[in-house]
**Student:** 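Quick one: this structure, given as structure tokens, is what I'll be asking you about.
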Number of protein chains: 2
Amino acid sequence: MRQIKHPNIEQVELTDIMYALADPTRLEIVSLLANAGRRMTCGELDLNRPKSSMSHHFKILRSAGLVETVVEGTEHMNSLRYEEIERKYPGVLHAVLKATSTKV
Amino acid sequence: MRQIKHPNIEQVELTDIMYALADPTRLEIVSLLANAGRRMTCGELDLNRPKSSMSHHFKILRSAGLVETVVEGTEHMNSLRYEEIERKYPGVLHAVLKATSTKV
DNA sequence: ATTGTAGTTCTAATATAATCGAACTATAGA
DNA sequence: TCTATAGTTCGATTATATTAGAACTACAAT
């Protein structure tokens with residue numbers, strides 16, 4: 001069962017997080033994961049885009065250290081690395097998520 | 001005395017802020033402005049880059065709503081729109097600035 | 001073995017961004 | 001009026017991102 005490599009939290013740069021969150025699609029993925037409060041498959045998070053596009057965005061979210069993906073059978077379970085990010089960059093993700101849910 | 005147009009705070013999008021802060025040069029400018037706690041000219045903020053490059057980054061910071069520039073004589077005085085941004089997106093800029101000053 | 005499913009990787013097209021020299025604009029001062 | 005200064009805009013180059021179809025991989029179930 002091949003697992004996907006993720007950066008460890010020490011390697012996560014703030015600019016990478018900013019970059020990952022600068023895209024509306026990715027911000028929505030992060031927001032959905034946070035609101036769900038549970039692991040979700042890529043399929044569940046369908047945003048009406050081709051699989052390859054979604055996969056691209058997940059790759060960036062993973063490499064930014066925001067999302068962790070665990071392979072289980074044919075499914076890829078995704079979760080936010082919220083606690084880790086909050087420990088390293090306190091308040092950043094929290095404030096961004098609050099700002100996205102308070103969408104005008 | 002021509003002044004530069006800025007977006008008003010209602011028009012400022014979170015993704016624009018994220019995008020502007022995703023570039024290390026721009027993040028440094030924002031951080032320097034915050035730490036200075038006063039208005040600074042582009043020249044003062046010299047980061048060893050050509051004027052045209054700096055101007056480009058300032059343009060993006062302005063259009064993201066992060067920086068306000070007031071023309072005074074030949075100088076352009078820049079300041080962070082910290083309070084406005086904090087009011088619209090509480091904690092975001094605060095947390096990002098804290099994270100940049102706590103650079104490991 | 002074959003089929004289905006979930007998601008990735010490959011590939012190529014298109015779009016957007018960064019960089020910076022050179023020319024330009026606006027103001028100040030001699 | 002001439003010169004200096006501060007910063008912008010233009011234009012071209014190069015780099016990086018987005019998008020999405022098609023082929024592929026890994027696993028599960030029949």
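Sequence lines set the chain letters: A, B, ... in the order given, protein chains first and strands last, and positions in each chain run from 1. As the structure is a prediction and not an experimental result, all values here were calculated from the model.
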**Student:** Once you apply a heavy-atom cut-off of 4.0 Å, does B:H57 come out as touching a base, just sugar-phosphate, or nothing?
**Tutor:** sugar-phosphate
**Student:** How long is the line joining NE2 of B:H76 and C1' of D:dG7, in whole Å?
**Tutor:** 5 Å
**Student:** Once you apply a heavy-atom cut-off of 4.0 Å, does B:T41 come out as touching a base, just sugar-phosphate, or nothing?
**Tutor:** sugar-phosphate
**Student:** Rounding to an integer number of Å, can you tell me how far A:M40 CE sits from C:dA6 C1'?
**Tutor:** 15 Å
**Student:** State whether B:Y82 and B:R87 meet the cation-pi test: NZ (Lys) or CZ (Arg) under 6.0 Å from the six-membered ring centroid, and within 45° of the perpendicular axis.
**Tutor:** no
**Student:** Within the side chain of B:E72, is there an N or O that forms a donor-acceptor pair under 3.5 Å with the backbone of B:M77?
**Tutor:** no
**Student:** Can you work out whether A:Y19 or A:S53 has the more 5'-proximal nearest nucleotide on DNA chain D?
**Tutor:** A:Y19
**Student:** With a 3.5 Å distance limit and no angle check, can you tell me whether B:E84 reaches the backbone of B:R81 through a side-chain donor-acceptor pair?
**Tutor:** no
**Student:** Provide, to the nearest angstrom, the distance between the CG atom belonging to B:L45 and the C1' atom belonging to D:dT8.
**Tutor:** 16 Å
**Student:** For the side chain of B:P50, counting heavy atoms from C-beta on, which of D:dG7, C:dT9, C:dG21 is nearest?
**Tutor:** C:dG21
**Student:** Whether B:E44 and B:R38 form a salt bridge (side-chain N of Lys/Arg under 4.0 Å from carboxylate O of Asp/Glu) is what I want to check.
**Tutor:** yes
**Student:** Roughly, in whole Å, what's the span from NE2 in A:H56 to P in C:dT16?
**Tutor:** 14 Å
**Student:** For the pair made of CG in A:N48 and C1' in D:dA20, what is the distance, rounded to whole Å?
**Tutor:** 14 Å
**Student:** Rounded to the nearest Å, what distance is computed from the NZ atom of residue A:K59 to the P atom of nucleotide D:dT16?
**Tutor:** 16 Å
**Student:** So for A:S52 and D:dG21, does any side-chain atom that can act as donor or acceptor lie under 3.5 Å from a complementary atom in the base?
**Tutor:** yes
**Student:** In this structure, how many angstroms lie between the C1' atom of C:dT5 and the CE atom of A:M54, rounded?
**Tutor:** 17 Å
**Student:** Within the side chain of A:K88, is there an N or O that forms a donor-acceptor pair under 3.5 Å with the backbone of A:V12?
**Tutor:** yes
**Student:** Return the 5'-most residue of the pair A:T74, A:R26 with respect to DNA chain D, ranking by each residue's nearest nucleotide.
**Tutor:** A:R26
**Student:** Grab the CZ-C1' distance between B:R62 and D:dT8 for me, whole Å please.
**Tutor:** 9 Å
**Student:** Name the closest nucleotide to the A:D23 side chain, picking from C:dG21, D:dT18, C:dA18.
**Tutor:** D:dT18
